[in-house]
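Working notes for the structure below.
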Amino acid sequence: MFFAGIDIGSTITKVVVRNEKEIISTLIRPTGAEHRRMAHEAVLETLQKVNLGFEEVDYIIATGYGRINVPFADAQISEITCHMRGVNWIFPGVKTIIDVGGQDCKGIKVENGKMKNFIMNDKCAAGTGRFLEIIADTLGLALEDIGEISLRSKKPAEISKTCTIFAEQEILLRLSEGCAIEDILAGLHKALANRIYTMVGKIKIEKEVVLTGGGAKNQGLRKWLEEKIGYPVLVAEEPLLTGALGAAVLAQEKAGKMSDQDLAEMKKNRKLEAVTFFKEDSTSNPGA
Amino acid sequence: MNELKGLARAAQIYLDPQQRARELKAEGKKIAGYLCCYPPVEIMTALGYVPIRILGDMNEPITEADAYLPTVMCAFYRSILDVAMKGRYDFLDAFIGAHACDGAERVSYIWRSYLKSPCSFYLDVPHSNHAAAIDFFKVQLNYLKDELEKTSGCNFSQEALREAVKLYNKQRSLVRSLYKLNRQDPPLVSGSEMLQVMVSIMCIPAEEGNSLLEEVIEEVSNRSAGPGQKKGRILIWGSLIDNIAMTKLIEDCGLNIVIDDTAIGTRSFWVDVDETSDPFEGLAVRYLDKIVCPRTFRDTKGTRSEDLDNRFKYLKIMAKEWNVNGVYFNIIRNCDIHGYEIPEVRDYFEDIGIPVLVIEQDYSTTALEPLRTRFQAFAENIG
Amino acid sequence: MEQKKKKTSSAKTLQTAREAGNFGKRILASARLAAEEGKPVAWSMVDWWLGGTIAKAIGIELCYPENYGAFCAAVRKAEPFLDYAENDGVPNTTCGYARNGIGYTRRLKENNFIIPEDAPGGGMPKPLFLLGCGAVCDARYKWFQSMGRYMDVPVWTLEFPQTGVAEFFMPGYKEENIKFMVRELRSFVEFLEKLTGRKMDWDNLSERLDTTFKTHELAHKVDLLRKSVPSPAVNTDFWAIMIPHLYLPDDKEALAFYQRVYEEVKYKVDNKIGAIPNEKYRMAFAELPPWHTLGIFDEFAAKHGIAFAIESWNYHAPSPLPESEREGVNDPLELIARYSFHKFNEYTPTAQLNCMDPTIFTAPYLKWVEDYRIDGLFCHPLLSCRPATYTLMHLRNLLMEKCKVPSVVVEGDIVDLRVFNEEEAHVKIEAFIETMDHYREIRKKEGFEW
Amino acid sequence: MFYQAGLDIGSFMSKSVIIEGEKVLSYSILPSSGKFKNAAITVLNNALEKANLTFSDLKIIGATGLGASFIPYPYVESSEVSCQSRGIKFLFPSVNIVIEVGDQSTRVIKVTDKGKVADCVINDRCAAGSGRILQIIAKVLRINLEEMGALSVKSNNPVRFSTGCSVFAETEAISRIAEGARKEDIIAGLHQAMAIKIYSMIQKIKMEEVCAITGGGAKDIGLVKTIERVIKKELLVPEEPLISGAIGAALIAVEKSGILV
Ligand SMILES: Nc1ncnc2c1ncn2[C@@H]1O[C@H](COP(=O)(O)OP(=O)(O)O)[C@@H](O)[C@H]1O
Ligand SMILES: Nc1ncnc2c1ncn2[C@@H]1O[C@H](COP(=O)(O)OP(=O)(O)O)[C@@H](O)[C@H]1O
Ligand code: SF4
Ligand code: SF4
Ligand code: SF4
């Protein structure tokens, strides 16, 4: 049997396809404006890599920011649950998950594989992966590199503005003053780590701590977070995939609870078509 | 007058809660607006006023109020002052402010510094249920009566007050009956429907409210398709909710709201007024002592766990009788009263194995959507 | 978090103000000593001399978590406590003192009630009970109730009625308030006697009251002296010297201290010695200060010649209780009630005159701007204390409308320095100088006194 | 008579003016591009050139703005708030209130008869509501900043933004485009959100008779119209809104130095 999880993040779309035992194929690609109708293609592409047909997949779960309207998914599950399950699958001993995504930052407490508590910041971009993207962009550096570069600093610059937009300006100001790029980057990463730490600290950080989501790919962020927390954090080999992985794991679980007949019936009804899955506006007409 | 009945009528009133009051005003009735659940509606009714609960508006961006209130305060009360400054409550004949919490207290003050009604009274509600406090509150209620009497055009009579007590006790018992219909699984009334009914009965005369409740009870008792079964049965605790955008969002995410302990909900109706020989006695005890809201301090007696039971036992009972498997703490940001209470109530529920979701919300419909993921994750977790 | 803020504490202009810090340390030290000797200690909210004096008269040592919050903030050690409280689920919007206190208590509990070694100022020992209060703000009892969470000790809340301006003048209303307060105090005494097994020492109480009245009278006289131009003392002095009159007014040493404060200020007034060189503007400050960055006021003084002539109504001793109120009152509890009620309502007639509500936090300023010849009001809305912030916008409206005194608003917090932006404060003050000039002219044109 | 220069080295744009007595002789505007020193030099030289003057003709230079400290020659510095209020008063003697929508902050200033600051509200901790968002959205929509206004005016169905954050507004705009929302509706929605924010700022210092708008945002006719609709008042707009701060800087410099005009 085959199961798929598709995590349509605000920034990056991730797909994981599994059989009963292991991951057999994955895909990571930007969610960018032009890809927002292409969830079905992302899934097909992932399947193609291992020569699977769409009908062969028994259960598909969509998660992430754009999960709400994926017509071919058999279920939608929030990314909080999916990340938790994905990380727990890789690190069974995990107690605290810090997920730094493109649009939000979450802290999740896990106890015996069950979610105990979570906290989420999504009102201000200042504590999210978007912050890093904007910095990289402002400095004309690749997102992949800024973390490493920041590690070279011996004297992190003081960044006083918290707002992402203003931090961007502050970078320019510091550059004009002749501050070294690595020091600026170190200052920014430190500030980001502090904000994330304060937020997640509210649910009490306990060992083992796993850092996941796109932010986990950033070495600088990881280091400064570890410094705040006081001990090392774990990171999956590919931290971007934990949400999709969790979705795939859940897919297997759900499929396991259904009869073959029901599964077949469900598969028949799937619609593999292009529909925009971003529909955040469903309650913007409240009170009516 | 109006053909709509039951839930449909409630939905209609909810859309413009002050409309009925304006109609009555045009017919020559006097209208009294009050804050929070502490000013006794019985006294207003006994003096010929139609009492209406003053509400905010989550749909209306707060602009005018910023000239009078800082942005760091409870957005519900900021919104109240905002819509009032924009004229929504200009028709009131009496304004009754109350010391429910600091927010309510200061807004009462500021309201009457700028908006003048023919009659206005600030009801000082003591902080505790000490014996001296109850007596003091009784004195306060008498002052309220005197003040209202001056402009009501009718004379106060104990008899009228006793009648009003009966009328509202009946309302309370109807509300409790309605909520009881949600003990079954799936519940018969959705959280949004319930909220529409609660808002409605707070904004129309008690007799009308009572018939509305009777209609609704009959309607839903016979219904075959209610809100349907969802993943979780939850209790909502905390600051109030007065807009169905909020309850709809929660229900959309797979949660049945079966019971609540909030100020526009059971907290205003759960307990009756005792029919004491001096009606003010019964009123003072009911409003100050029998309404259980974290704004009233209850003495610590004995051990800590006894203290906790003294403060929150009713929640445990609610949770059990309505068979809930999750609790949502609806905290309007900057609400100190509920804010300080979060850790204790959370632990209290978690001790009996019921998971809790805490959200500090901003009292604005535009800020709701980002909460969706949280409710969904909570539903997945308890479902 | 690393802080690179320049100067934190302020250079006080009064010699006595520099000494006042000892009182704060003394409060903590005597509480710890008492605890070591097995004597009862309680944590008390500032309750305007209601319960504290009574508790002390029965032999209980007090310390004040609120004051401790200000202390931790001033030495910039509050943040870990704030975090620790937030960690347990207390919203970060609640009172900074409260979060500091809750965080501290949580630490204390986890350390088996042995004061942590690194506790700022030596720390507060575990109390026998917690004394909350209903005056001014909900935090004063909700916060104490929350601290109870960690200690399993009883919490007592003293009632403090809050009256509306119109209601205050209703027939019999005031006496009902007093009656209520006296009954409350009586049950508090019963509570204490039961808890400690001691008997109330009424003579001791009367003596303490007597001292309190004397200390306060001096403190009040100092306030009156501060009306002189140039200002003999400024806000940073006041925030230091207030500690003895706010927390230890019934203490003989505090009384002696105030005598010296009075003499020092009197000398400066008589010789026209200003607290700051070159006083050009006189400002008032509402309401609670940024304890972590008091040095900023020195900078304002140096840069623009701003003297903060009066500030923080909440912390000031009231004028002496009028004779008419004392006459025939033999019960010390009634005296306390009348005095505390007086503190909160002495400006109610001013409020009535101006057709406004409330008295607290607003009416005193209406009188002060005239008495102290104030050019501008510095409003400090606090992110974490709403009670002292709720009425600031209203106050600014009133001052402008009734007295043509402008205000400048700089957001910040008492404890949480993460939300204070010094740079912003400087920019705003700089622009505000022009504003004050402008309204000076307007006041002159409209025939105001100053 | 003598020549005075005013410089406003903003985070986004550097502006310079040359004034003689009551007359603005010339001005120049350049992007700061993060190189404040260069921008300051070039922008002043350009204005001098336009006025046919040289540096030595200048009697005094006044400066303001985030990047003022990078100016390499002597100048008199004043706060941005004071400069805006003085500059606007110079342009519109009747004005009581100025709304300044700059790159980093939005300010509402109450101005005295003499062009001094009577009161002000500044929004500069969070970029939500500042002029910066206009640029961000223009970039997302792939249009020029200058085109925004005209498009916004055409909308009859403004999108309702659910976020205050400028960064997320960008993402939200992207989603809307993906859903097929029209550009004009997105821009109009943005303008609506900004206008409400500005309205509530004005409320904090109370509305007055004559209002003007300046700063980069004033160049956006859509924003100006939306604010006018929300506050129910017409706004005065300078011919070149970007330079009002620089004008004020020049004027204040003269006052501060005590030179007699
Ligand atoms: N190679 C990388 N190096 C550093 N950071 C990265 C890298 N790839 C992605 N990121 C960060 O991850 C974020 C996206 O994370 P993701 O968890 O996919 O969020 P979402 O699920 O919201 O799309 C980006 O904003 C970026 O900051
Ligand atoms: N032609 C234009 N149309 C619309 N908006 C503009 C235009 N030019 C500039 N702006 C806006 O004005 C802002 C810059 O304003 P400015 O007053 O120069 O700020 P600062 O002084 O901080 O640099 C930019 O962020 C941009 O949004
Ligand atoms: S939400 Fe909070 S501030 Fe608002 S009424 Fe309730 S207790 Fe008061
Ligand atoms: S007045 Fe403010 S600072 Fe003082 S205890 Fe109350 S909430 Fe805290
Ligand atoms: S501070 Fe900046 S990043 Fe945060 S909400 Fe405001 S605009 Fe967005």
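Lettering of chains follows the sequences in order, A, B, ..., and the numbering in each one begins at 1. The structure displayed is predicted, hence computed values, not measured ones.
If you measure heavy-atom distances from L392(C) to chain B, you find no contacts under 4.5 Å at all. Looking at D66(B), the atoms closer than 4.5 Å to chain C (heavy atoms on both sides) all sit in the backbone: N, CA, C or O. Contact of I342(B) with chain C is made through the side chain alone, with heavy-atom distances under 4.5 Å. Neither the backbone nor the side chain of V358(B) comes within contact range of chain C; no heavy atoms are under 4.5 Å apart. Neither the backbone nor the side chain of C379(C) comes within less than 4.5 Å of any heavy atom of chain B. If you measure heavy-atom distances from E344(B) to chain C, the contacts under 4.5 Å come from both the backbone and the side chain. Proximity to chain B (any heavy atom under 4.5 Å) is shown, for P358(C), by both the backbone and the side chain. When heavy atoms are compared at a cutoff of 4.5 Å, L382(C) approaches chain B solely by way of its backbone atoms N, CA, C and O. For V409(C), no part lies under 4.5 angstrom from a heavy atom of chain B. Heavy atoms of N354(C) lying under 4.5 Å from chain B are absent altogether. With a threshold of 4.5 angstrom between heavy atoms, Y173(C) approaches chain B through its backbone and through its side chain. Heavy-atom distances place the side chain of Y114(B), and not its backbone, under 4.5 Å from chain C. With a threshold of 4.5 angstrom between heavy atoms, L395(C) does not approach chain B through any atom at all.
Counting heavy-atom pairs closer than 4.5 Å to chain C, the top residue among E341(B), H99(B), R112(B) is R112(B). When the candidates Y143(B), W111(B), Y68(B) are compared by the number of heavy-atom contacts under 4.5 Å with chain C, Y143(B) comes out ahead. Chain C forms the most heavy-atom pairs under 4.5 Å with one residue out of S108(B), A67(B), P343(B), S113(B), and that residue is P343(B). Taking chain B as the reference chain and counting heavy-atom pairs below 4.5 Å, the highest number among T391(C), T163(C), L398(C) is found for T163(C). The choice from Q145(C), E176(C), E184(C), M181(C) that makes the most heavy-atom pairs within less than 4.5 Å of chain B is Q145(C). Contacts with chain B were tallied for D152(C), T93(C), D138(C); D138(C) has the most, counting heavy-atom pairs under 4.5 Å. The choice from P381(C), P161(C), G132(C) that makes the most heavy-atom pairs within less than 4.5 Å of chain B is P161(C). Heavy-atom pairs under 4.5 Å with chain B peak, among V165(C), V90(C), V136(C), at V136(C).
Scanning for ring pair (Phe, Tyr, Trp, His ring centres under 6.0 Å) contacts around F297(B) gives an empty result, with sequence neighbours left out. Not a single salt bridge (charged side-chain N to carboxylate O under 4.0 Å, His left out) links E411(C) to another residue, sequence neighbours left out.
In this structure, CH2 in W313(C) is found 8.5 Å from OG1 in T359(C), a value given to the nearest 0.5 Å. Note that the CZ atom of R78(B) and the CD1 atom of I332(B) stand 12.0 Å from one another [nearest 0.5 Å]. Separation of atoms OG (S120(B)) and CD (E147(B)) is listed at 7.5 Å; rounding is to 0.5 Å.
Side-chain atoms of Y287(B) and I134(B), non-hydrogen and from C-beta on, never get closer than 4.5 Å to each other. Side chains of V72(B) and R386(C) form a contact here, defined as non-hydrogen atoms less than 4.5 Å apart.
Other residues, nucleotides and ligands contribute only 12 or fewer heavy atoms inside 6.0 Å of the NZ atom of K194(C).
Electrostatic pairing of R140(C) and D47(C) does not count as a salt bridge here, judged by no charged N lying under 4.0 Å from a carboxylate O. Taking 4.0 Å as the cut-off between side-chain N and carboxylate O, E190(C) and R186(C) do not count as a salt-bridged pair.
Smallest separation of non-hydrogen atoms from R267(B) and C293(B): NH1-SG, 3.4 Å.
The six-membered or imidazole ring of F375(B) lies near that of Y328(B), with a centre-to-centre distance under 6.0 Å.
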**OP:** Let me see the working for D135(B) and K138(B) under salt bridge (Lys or Arg N to Asp or Glu O under 4.0 Å), right down to the final yes or no.
**Re:** CA-CA 5 Å; D135(B) 288 347; K138(B) 203 170 115 188; 5.3 Å; no

